[in-house]
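We count ligands from 1, going down the list as the structure has it; atoms in each ligand are counted the same way.
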Amino acid sequence: MQTIVVESKEQGAEKIVELVREELEAGSLNVLGLATGSTMEPVYEKMVASDLDFTSVTAFNLDEYVGIPATHKNSYAYYMNHLLFNEKPFKETHIENGMAENLEEECVRYETLLKENPLDIQLLGIGENGHIAFNEPGTSPESVTHVVELTESTIAVNSQYFTEDETMPVTALTMGISSIMQAKKLIVAAFGEKKRAALEKLFAGEVSTEWPVTYLLDHPNVVVITDLKL
Ligand code: F6R
């Protein structure tokens with residue numbers, strides 16, 4: 001595991017874009033896994049401002065809420081369209097359909113697509129409770145794309161984005177740990193004190209189901225970018 005310590009989230013975002021650029025220019029980036037959340041906002045801002053050309057790249061997102069359409073401002077589809085895809089065209093973009101009638105079938109469809117398009121790079125943020133994508137504590141390392149009930153911790157953190165008259169979904173679809181671990185390279189970003197506990201668990205070097213981020217210890221090509229000095 002390689003760790004890059006930066007001074008700020010902005011500098012971290014620049015570093016992530018630089019790593020993506022390296023692979024893109026080397027011709028080794030065909031499939032890019034993307035994440036949402038506040039960590040990734042400056043990353044997409046910098047990608048949009050850059051001269052990077054993603055027209056030969058297929059994108060897959062990690063997760064999506066169940067029950068809100070892509071037109072809802074808090075859906076991850078909306079986030080991606082507005083922060084990145086509307087400005088930077090990709091060859092194809094994929095995100096789980098949280099409005100699917102049969103969610104189990106939707107998960108199988110998504111996982112099949114992932115198998116057909118192996119991820120070259122997967123960008124990851126970390127939840128305060130150590131989740132990666134929406135793989136909450138207790139998730140099996142064997143998990144593939146699945147339906148998940150969000151934990152109290154994740155609901156408390158993410159409810160800040162929903163106004164009082166909106167109900168935050170408590171169910172989501174997410175790539176599993178195994179789906180994520182298939183990526184050739186993982187770029188993990190964690191900025192700010194709220195991520196300290198999760199990063200400490202990762203750097204302690206022991207895999208624990210209670211801290212899904214520690215599963216990444218078993219991956220051969222992980223870059224962690226953080227502004228925390230641990
Ligand atoms: C988002 C995702 C989540 C976030 C994590 C951190 O697609 O999969 O795991 O990366 O919750 O969120 P922020 O960046 O908002 O702190």
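Near G125, meaning under 4.0 Å from any of its heavy atoms, are these atoms of ligand 1: 10 (O). Taking every non-hydrogen atom of H131 and a distance limit under 4.0 Å, the qualifying atoms of ligand 1 come out as 3 (C), 5 (C), 9 (O), 11 (O). Close contacts of ligand 1 with G37, meaning ligand atoms under 4.0 Å from a residue heavy atom, involve 14 (O), 15 (O).
With hydrogens left out, the protein atom closest to atom 6 (C) of ligand 1 is I126 O, 3.3 Å, a heavy atom. Closest to atom 15 (O) of ligand 1 among all protein heavy atoms lies S38 N, 2.8 Å. Taking atom 1 (C) of ligand 1 as the reference point, the nearest protein heavy-atom neighbour is T36 OG1, 3.1 Å. In this structure, atom 9 (O) of ligand 1 lies nearest to the protein heavy atom A133 O, 2.8 Å.
Contacts with ligand 1 closer than 4.0 Å are made by side-chain heavy atoms of K195 only, the backbone lying farther away.
For atom 7 (O) of ligand 1, the candidate residues are L62, D63, T39, I180; the nearest heavy-atom contact is made by D63.
Side-chain atoms of E166 and T163 form a donor-acceptor pair, as typed in the model, at a separation below 3.5 Å. Side chain to side chain, T154 and E136 meet the donor-acceptor criterion of an N or O pair below 3.5 Å. Inspection of the S28 and E23 side chains reveals an N or O donor paired with an N or O acceptor under 3.5 Å. Under 3.5 Å, the side chains of S153 and E128 contain no donor-acceptor pair of N or O atoms.
The aromatic rings of Y65 and F162 sit perpendicular to each other, their planes meeting at more than 60°, with 30° as the lower class boundary. Ring orientation note: the planes of H131 and F134 are nearly perpendicular, at an angle over 60° on the 30°/60° scale.
Proximity of L62 to Q122: side-chain heavy atoms (C-beta onward) are separated by under 4.5 Å at one or more points.
The shortest separation from a heavy atom of E128 to ligand 1 is not under 4.0 Å, leaving the residue out of contact.
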